Amino acid sequence: MDKLAIISRYNEDVSWVQQLNCDYKIYNKGNIIHELPCEALPNVGRESQTFLHFIVSNYYKIQDSTLYCFLQGRPFDHLITVDDINNATDEGFKSFGNRHFQEPLTASVNNFFPGGIPVIEFCDLLFKRNVFVEQGRISFLLGGQFAVSGARIKKRCIKFYRFVASHLNTPNPLEGHIMERIWGLIFDDTLEDRFTAYD
């Protein structure tokens, strides 16, 4: 199985990528680094914009049989190890990390978002049914880092990913925090979106 790690860096030390047992691509949104090859991106949209940039830019080159690992510049902050990445296998979709969160559908999330985060409303724009409403809660792994097969990525059309990416063009968009909570839905191949069926 081929594997590719996509890393969204700001100013983190990413020398750890040399311990990976796979190819990697670093997108750099911070200070220039000369030690490792990377591609510069504007510092907008948090890591979600980086991940979507990769998907949209490479959509027609994404290989069904390749496993793509989407990571932050310092994934270890969320209890992820290099071994977790190196041992990742094709499960279709798998979140990395061990910090499981559950949030109410509507209410204050934390001090940063006293009015809550409009996860439900954003999901209504994307999907034909809202899994979080059915569950009665928002459940996710903290960090928004994951492995997903190329085949699972291609279950949705490029227009879907372009639409989501269009909401991540400011330095710290609210949608960036929403994405951390919904990557599992993005790559749930049983959940029909509002774009792919009409493409």
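Please read these numbers as outputs of a predicted model, since none were measured by experiment. All values below were derived from every heavy atom in this structure, side-chain atoms included, with hydrogens, water molecules and symmetry-related copies excluded.
- The environment of NZ in Lys154 is crowded: more than 12 heavy-atom neighbours from other residues, nucleotides or ligands sit within 6.0 Å.
- Counting heavy atoms from C-beta on, the side chains of Phe70 and Phe96 never come closer than 4.5 Å.
- Between Gln72 and Ile7 the shortest side-chain heavy-atom distance does not fall below 4.5 Å.
- Note on Ile26 and Leu67: separate hydrophobic clusters, where clusters join Ile, Leu, Val, Met, Phe, Trp and Tyr whose side-chain heavy atoms are under 4.5 Å apart, directly or indirectly.
- With rounding to the nearest 0.5 angstrom, the CZ atom of Phe132 is 12.0 Å from the CZ atom of Phe122.
- Residue Asp2 holds its CG atom at 8.5 Å from OH of Tyr68, rounded to the nearest 0.5 Å.
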Output side-chain donor-acceptor pairs under 3.5 Å for residues 30-44, partner residues at least two apart or in another chain, one line each.
from, atom 1, to, atom 2, distance (Å)
Asn31, ND2, Asn11, OD1, 3.4
Glu39, OE1, Lys25, NZ, 3.1

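- In this structure, the side chains of Leu105 and Gln135 stay at 4.5 Å or more apart for every pair of heavy atoms.
- Rounding to the nearest 0.5 angstrom, the gap separating the CZ atom in Phe146 from the CZ atom in Phe93 is 6.0 Å.
- Taking both residues in full, the closest heavy atoms of Lys94 and Glu91 are given as CD-OE2, 3.5 Å, listed atom of the first, atom of the second, then distance.
- Here the side chains of Leu141 and Phe101 are not in contact, with every heavy-atom distance at 4.5 Å or above.
- Cluster membership check: Leu174 shares its hydrophobic cluster with Trp183, using side-chain heavy-atom separations under 4.5 Å among Ile, Leu, Val, Met, Phe, Trp and Tyr.
- Checked by atom type and distance alone, the side chain of Arg194 never pairs as donor or acceptor with a backbone atom of Leu126 at under 3.5 Å.
- Remark: Arg129 does not engage Glu192 in a salt bridge, criterion side-chain N to carboxylate O under 4.0 Å.
- Side-chain contact between Lys29 and Thr50: present, with at least one pair of heavy atoms (C-beta onward) separated by less than 4.5 Å.
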Would you list the atom pairs, donor with acceptor, under 3.5 Å between side chains in residues 51-62 and any protein atom, with sequence neighbours excluded?
from, atom 1, to, atom 2, distance (Å)
Ser57, OG, His53, O, 2.8
Asn58, ND2, Phe54, O, 2.9
Tyr59, OH, Arg156, O, 2.6

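- Checking Lys3 against Thr66 by side-chain atom types alone, no donor-acceptor pair falls below 3.5 Å.
- Looking at heavy atoms from C-beta onward, Tyr10 lies out of side-chain contact with Asn28 at the 4.5 angstrom threshold.
- Follow the hydrophobic side-chain contacts under 4.5 Å out from Leu20 and you never reach Leu4; the two are in separate clusters.
- By the criterion of side-chain heavy atoms lying less than 4.5 angstrom apart, applied directly or through intervening Ile, Leu, Val, Met, Phe, Trp or Tyr residues, Ile178 is grouped together with Ile120 in one hydrophobic cluster.
- Note: Glu180 CD to Glu47 CD = 7.0 Å, rounded to the nearest 0.5 Å.
- Remark: side-chain polar atoms of Trp16 are paired, donor with acceptor, to backbone N or O of Gly73 under 3.5 angstrom.
- Here CG of Asn130 is found 9.0 Å from CD of Glu121. Values are rounded to the nearest 0.5 Å.
- When atom types are taken as modelled, the side chain of Asn21 and the backbone of Asn86 share a donor-acceptor pair closer than 3.5 angstrom.
- Contact record, Lys128 with Asp193: CE-O, 3.7 Å, taken as the closest heavy-atom pair.
- Closest approach of Cys69 and Ala88 over heavy atoms only: SG-CB, 4.5 Å.
- Not less than 6.0 angstrom separates the ring centroid of His100 from the ring centroid of Phe140.
- The OG atom of Ser8 sits 10.0 Å away from the OH atom of Tyr27 when rounded to the nearest 0.5 Å.
- Pairs passing the salt bridge (Lys or Arg N to Asp or Glu O under 4.0 Å) check and including a residue from residues 75-90, sequence neighbours excluded, read Arg74-Asp77.
- Two residues are said to be in side-chain contact when any heavy atoms from C-beta on lie closer than 4.5 Å; His177 and Arg46 meet this criterion.
- Using a 4.5 Å cut-off on side-chain heavy atoms (C-beta onward), Ile182 and Cys123 make contact.
- One hydrophobic cluster, built from ILVMFWY side chains closer than 4.5 Å, holds both Leu71 and Val14.
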